[in-house]
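The first residue in the sequence is number 1, and the count goes up from there. Because only heavy atoms are used, hydrogens play no part in the values below, and waters and symmetry mates are left out as well, while side chains stay in.
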Amino acid sequence: MEALDVFSVRDLRTRSGDLLRDAELGQVALITKHGRPAILAVPFDRQLLDLGLHRALALKLYEGRHLTVAQAAKVAGLPLDEFLDLLGTVGLPAVDYPPEELAEELNIAQ
């Protein structure tokens, strides 16, 4: 799972450059106030413009392994089959098993 950077409001005074670098790298960041989530910083990129906030956020969180495919579909506001189509459209795998784990899962399913 890709780490989600967390910044406190106080951190923003000294680490705003880190937040901008995360955005440039396409990473979502969480900003907290008194230890509680206050702002979710989503990169402003072509995907956000083309797909809208909910779908772009769902894709980024899914790609970073913060959400399952079913959870990401809910965030995107799409039925699961439509979200799977969206994954294909943007080139993200719907299933990302290491080969040995996939073989094990297939053996169990038989």
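Taken to the nearest 0.5 Å, the CG atom of L87 stands 9.5 Å off from the CD atom of E63. To the nearest 0.5 Å, atoms CG (L57) and NE2 (H54) are separated by 8.0 Å. Taking CD of Q71 as the start and CZ of F83 as the end, the distance is 10.5 Å to the nearest 0.5 Å. One finds the CG atom of L19 at 10.0 Å from the CD atom of E24 (value rounded to the nearest 0.5 Å). Atom CZ of residue R15 and atom CG of residue D22 lie 8.0 Å apart, to the nearest 0.5 angstrom. Atom CZ of R13 and atom OG of S8 lie 8.5 Å apart (nearest 0.5 Å).
Minimum heavy-atom separation, L51 to A56: CB-N, 4.4 Å. Taking each heavy atom of A72 and A58 in turn, the nearest pair found is O-CB, 3.2 Å. Considering all non-hydrogen atoms of both residues, L30 and P37 come closest at CD1-CB, 3.9 Å.
Residues I39 and V42 do not share a hydrophobic cluster, defined by chaining ILVMFWY side chains whose heavy atoms lie under 4.5 Å apart. No chain of hydrophobic side-chain contacts below 4.5 Å, direct or via other Ile, Leu, Val, Met, Phe, Trp or Tyr residues, connects L40 to V9. Under the 4.5 Å side-chain heavy-atom criterion for Ile, Leu, Val, Met, Phe, Trp and Tyr, L4 and L59 are members of distinct hydrophobic clusters. Both L92 and V69 sit in one connected hydrophobic cluster of ILVMFWY residues. Membership requires side-chain heavy atoms under 4.5 Å apart, directly or through other members. V75 and L86 are assigned to two separate hydrophobic clusters, defined by single-linkage of ILVMFWY side chains at heavy-atom distances under 4.5 Å.
Listed for the E82 side chain is no donor-acceptor partner under 3.5 Å among the backbone atoms of P79. No donor-acceptor pair closer than 3.5 Å links the side chain of Y62 to the backbone N or O of A70.
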Exercise for the section: Please assess D11 against V6 for the test side chain to side chain contact (heavy atoms under 4.5 Å, CB included), listing each intermediate value before the final yes or no. Expected result: CA-CA 9 Å; D11 287 337; V6 179; over 6 Å; no
Exercise for the section: Under the side chain to side chain contact (heavy atoms under 4.5 Å, CB included) rule, what do L49 and F44 come out as? Steps first, then yes or no, please. Expected result: CA-CA 8 Å; L49 292 172; F44 192 81; 3.6 Å; yes
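Two residues are said to be in side-chain contact when any heavy atoms from C-beta on lie closer than 4.5 Å; K60 and H66 fail this criterion. No side-chain heavy atom of Q27 sits under 4.5 Å from any side-chain heavy atom of P43.
Using a cutoff of 4.0 Å between basic side-chain nitrogens and carboxylate oxygens, D5 and R21 are not scored as salt-bridged.
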